[in-house]
Amino acid sequence: MRATALLAPTLREAPADAEVVSHKLLLRAGFIRRVAAGVYNYLPLSMRVLKKIEQIVREEMDRQGGQELLMPILQPAELWQESGRWDVYGPELFRLKDRHDRDFALGPTHEEIITTLVRGEVNSYKQLPLLLYQIQNKYRDERRPRFGLMRGREFIMKDLYSFDRDEKGLEKSYMKMHEAYTRVFQRCGLHFRPVEADSGAIGGSETHEFMVLAESGEASILFCESESCDYAANVERAAQINQPDNGKEGMNKLAEKETPDCRTVEEVTRFLGIPPQEIIKTLLYETDTEVVAVLVRGDRDVNEIKLLNLLGCLRVDLAGENTIKKVTGASRGFSGPVGLQGVKIIADLEVPSIVNAVTGANRDHVHLLNVNPGRDFSIDILTDVRMVEAGEPCPRCGQELKEARGIEVGQIFKLGDKYSKLLGATYLGESGKAKPIIMGCYGIGVTRTMAAAIEQNNDLDGIVWPAAIAPFHAVVIPVNTKDPEQVALAEKIYTNLTAAGVETILDDRSERAGVKFKDADLIGYPLRIIVGAKAVSENTFEVKVRRSGEVTVVPGDKLEQTVLEMLSDL
RNA sequence: CGGGAUGUAGCGCAGUUUGGCUAGCGCGCCUGCCUUGGGAGCAGGAGGCCGGGGGUUCGAAUCCCUCCAUCCCGACCA
């Protein structure tokens with residue numbers, strides 16, 4: 001490819017409406033242009049990267065026995081109504097009508113379509129297991145599209161669905177995908193971590209997210225620092241170690257204390273001169289059907305995801321002032337479990353071992369001292385409902401947990417029989433009895449992976465592509481395009497490298513060298529080969545590695561071989 | 001959806017407070033000269049429904065109303 005023929009409009013200044021680094025660089029380096037919020041044109045450089053990621057994904061899916069197919073983006077409402085998700089999915093589902101006023105949706109995911117397909121075509125256990133996948137555009141009308149390609153409304157995703165006879169088969173498929181995903185992100189040259197995650201609204205039991213580690217990641221993950229332990233979890237999911245009940249020695253007599261205007265844990269600790277660990281924080285949550293009190297240690301935060309799962313409801317919200325007043329008789333900041341009537345009391349595992357705790361008194365400007373769980377109030381549900389923090393012991397091995405930030409680029413899910421039951425996808429077992437097909441679903445955000453790769457691989461000058469997904473492997477730059485010898489030489493090595501299988505771009509623009517260097521850095525080609533005066537006089541070429549900045553002078557007859565060797569190390 | 005901000009040439013911005021010449025600047029783009037190892041220089045040039053609509057006014061980028069779009073922060077997600 002010649003630079004003069006390539007549509008790669010680089011910008012000297014980053015567009016003002018880009019904030020995150022991948023968005024800025026994708027725009028500046030001429031990879032994408034915005035069409036609408038969360039909707040982009042993918043220019044030729046992008047297309048090359050996306051195709052490479054897709055190819056890696058394809059190869060790894062196929063390696064595990066996956067079969068590629070293609071399902072429609074445009075999906076009739078009936079299928080979504082049948083699964084119940086036409087109502088449940090909410091405003092995130094793009095909906096439209098055809099000329100006959102029939103409802104359709106743009107597919108945000110394909111459980112409905114594929115389960116219906118398999119329902120019709122698979123009847124016998126002999127046809128299972130199946131791994132079916134596609135790579136195509138997905139549509140989600142996000143509340144807030146942002147961060148360029150990281151959260152678009154239209155994005156490319158690989159979605160694979162597994163169909164098995166039973167849980168054992170599902171486990172096998174799940175492991176295959178776990179391995180496939182690990183290989184995919186390894187081959188893409190990314191630093192990543194599979195983490196345990198919450199299964200959320202899609203339902204199902206076990207799920208892992210594949211996180212590309214980057215400071216800018218939206219997700220916070222906790223992982224065990226021990227070499228031998230591979231525990232890693234999304235903070236939403238991270239579990240705490242079981243707390244020992246260290247007895248109830250030295251319980252003091254319950255007492256009241258005036259605490260004027262002390263509503264927050266911070267205010268109470270300052271006023272009373274006690275550490276927050278001695279406070280039991282009481283938070284009231286409203287669900288669709290009830291109000292519950294959640295108790296955590298004063299220095300902890302409630303994990304609303306855990307609470308949601310515990311209560312099995314769709315939403316929990318912190319109660320408003322009115323509800324608090326109705327339930328406790330006091331205003332916000334003075335709630336406590338002692339004497340609290342008519343609401344379920346849910347306590348975090350740490351709560352029972354707090355001796356002589358401070359809580360709200362359910363009266364304005366009063367707190368209780370020497371509150372002891374069990375003696376002064378009873379707990380309805382004792383469970384893990386709080387956020388686990390870095391520095392706490394790993395729930396598996398007890399070593400310290402560390403924190404990192406990540407970008408979720410893939411997720412694997414055990415669905416079980418959820419969709420097969422809803423949509424009636426069954427097969428006949430050997431006994432001749434109909435059983436629901438056991439399913440799993442597995443997604444990789446292809447466009448997001450491209451963005452994540454940039455988030456993880458960039459410097460002040462631009463993108464630093466891992467060679468496996470770089471749009472081109474190398475750029476050949478003749479320093480002076482007015483020098484016919486340099487141009488001829490550049491043409492020659494461009495031809496030779498291309499013939500040797502190196503994806504090469506020849507920067508044949510009659511720009512000054514500096515301009516070409518800047519663009520090369522910005523676009524992030526892994527290798528740069530400079531054809532200058534010395535190349536003409538001595539037949540030696542400078543090969544510069546984008547990532548390290550390291551320059552190697554290579555004689556002309558060794559060039560192709562050296563470049564190939566260097567690439568295999570990137 | 002709540003909160004904040006922005007919309008002027010392909011990109012980055014000034015001008016708007018206090019209405020008034022032909023709407024400016026830098027980069028990019030085109031032509032020519034010159035230059036060619038890190039976004040050079042000189043000269044000439046093209047490019048604007050000042051987000052849209054409505055209003056106020058002798059006169060609107062500027063004031064008022066309204067709609068739209070985009071970005072950022074929160075609750076959701078590949």
Side-chain angles (χ1 to χ4, degrees), chain A residues 9-20 23-24 27-28 30 33-39 53 57 89-93 108-110 135-160 181 197-202 207 209-212 218-219 234 236 304-305 308 314-318 406-413 441-452 461-462 477-483 486-487 509-522 528 530-535 542 544 549 551:
Chain A
T10 55
L11 302 171
R12 298 200 175 190
E13 286 170 289
D17 57 1
E19 202 59 38
V20 297
H23 190 196
K24 276 188 201 165
L27 286 164
R28 271 198 67 201
R33 289 293 183 263
R34 193 184 61 77
V35 175
V39 180
I53 297 172
V57 168
Y89 214 96
E92 236 159 71
L93 185 64
T109 174
H110 281 70
I135 299 172
Q136 107 189 140
N137 284 5
K138 293 282 180 286
Y139 296 82
R140 295 188 190 171
D141 196 358
E142 291 283 344
R143 282 193 173 104
R144 186 180 158 209
R146 58 184 149 167
F147 305 149
L149 296 190
M150 301 273 268
R151 179 172 306 286
R153 292 193 293 171
E154 177 184 77
F155 56 95
I156 300 172
M157 180 167 132
K158 184 282 310 180
D159 46 326
L160 183 144
Y181 277 41
D198 183 77
S199 53
I202 303 187
T207 177
E209 290 168 342
F210 285 75
M211 298 282 188
V212 166
E218 286 188 86
N234 192 314
E236 295 172 350
E304 297 186 0
I305 304 278
L308 269 175
L314 290 173
R315 50 164 272 266
V316 290
D317 292 308
L318 271 173
I407 300 160
E408 186 190 342
V409 288
Q411 185 163 22
I412 58 178
F413 249 100
C441 71
Y442 315 83
I444 290 178
V446 175
T447 36
R448 184 184 279 185
T449 298
M450 175 164 79
D461 293 315
I477 299 180
V479 169
N480 184 352
T481 48
K482 291 277 160 61
D483 178 340
Q486 281 186 26
V487 171
R509 297 175 299 168
S510 60
E511 294 283 355
R512 292 160 57 87
V515 173
K516 296 195 233 184
F517 292 157
K518 289 285 185 189
D519 274 348
D521 286 344
L522 182 58
R528 180 202 304 172
I530 299 155
V531 183
K534 268 201 179 157
E542 272 176 42
K544 186 171 181 182
V551 176

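Below, read A as the first sequence line, B as the second, and so on, with proteins coming before strands; counting in each chain starts at 1.
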Nearest whole Å is fine: how far is [N] [atom2] from [X] [atom1]?
{"X": "A:D461", "N": "B:G38", "atom1": "CG", "atom2": "C1'", "answer": "9 Å"}
{"X": "A:I530", "N": "B:U36", "atom1": "CD1", "atom2": "C1'", "answer": "14 Å"}
{"X": "A:N234", "N": "B:C76", "atom1": "CG", "atom2": "P", "answer": "12 Å"}
{"X": "A:R512", "N": "B:A40", "atom1": "CZ", "atom2": "P", "answer": "5 Å"}
{"X": "A:R28", "N": "B:G12", "atom1": "CZ", "atom2": "P", "answer": "12 Å"}
{"X": "A:L11", "N": "B:G12", "atom1": "CG", "atom2": "P", "answer": "8 Å"}
{"X": "A:L27", "N": "B:G12", "atom1": "CG", "atom2": "C1'", "answer": "13 Å"}
{"X": "A:E236", "N": "B:C76", "atom1": "CD", "atom2": "C1'", "answer": "10 Å"}

With both distances under 3.5 angstrom, what nucleotide forms a Watson-Crick or G-U wobble pair with [N]?
{"N": "B:C1", "value": "B:G74"}
{"N": "B:C42", "value": "B:G32"}
{"N": "B:A69", "value": "B:U6"}
{"N": "B:G12", "value": "B:C25"}

Closest heavy-atom contact between A:S510 and A:T481?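 Closest heavy-atom pair between A:S510 and A:T481: CA-OG1, 3.3 Å.
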When every non-hydrogen atom of A:G406 is compared with those of A:M211, the smallest separation belongs to C-SD, 4.0 Å
State which of [options] makes the closest approach to the side chain of [X].
{"X": "A:D519", "options": "B:A78, B:C11, B:G39", "answer": "B:G39"}
{"X": "A:E511", "options": "B:C29, B:G28, B:A78", "answer": "B:C29"}
{"X": "A:N480", "options": "B:G26, B:A78, B:U36", "answer": "B:U36"}

Residue met sooner reading RNA chain B from 5', once A:L308 and A:K516 are mapped to nucleotides: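 Result: A:K516.
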On RNA chain B, check which nucleotide each of A:I305 and A:R509 is closest to and give me the residue with the more 5' one.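 Nearer the 5' end of the strand: A:R509.
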[atom1]-based separation of [M] from [N] [nearest Å]:
{"N": "B:C25", "M": "B:A14", "atom1": "C1'", "value": "7 Å"}
{"N": "B:A9", "M": "B:G53", "atom1": "P", "value": "16 Å"}
{"N": "B:A75", "M": "B:C67", "atom1": "P", "value": "29 Å"}

By a 5.5 angstrom centroid cut-off and a 30 degree plane limit, is there stacking between A:F517 and B:G37?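 Here the ring of A:F517 and the base of B:G37 are not stacked, as the 5.5 Å and 30° limits are not both satisfied.
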Plane angle bin for A:Y181 and A:F210 - parallel if under 30°, tilted between 30 and 60°, otherwise perpendicular: tilted
Distance, nearest 0.5 Å, that separates CD1 of A:I135 from NZ of A:K158: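 Atom-to-atom, A:I135:CD1 and A:K158:NZ are 8.0 Å apart.
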Considering only nitrogen or oxygen atoms on both sides, find all protein atoms under 3.5 Å from nucleotides 68-74 of chain B and state each distance.
unit_1 : atom_1 : unit_2 : atom_2 : d
B:U70  : OP1    : A:A37  : N      : 2.7
B:U70  : O2'    : A:D17  : OD2    : 3.4
B:C73  : OP2    : A:R144 : NH2    : 2.2
B:G74  : N7     : A:R144 : NH1    : 3.3

Test side chain to side chain contact (heavy atoms under 4.5 Å, CB included) applied to A:K518 - qualifying residues, sequence neighbours left out: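 So A:K518 forms no side chain to side chain contact (heavy atoms under 4.5 Å, CB included) with any residue.
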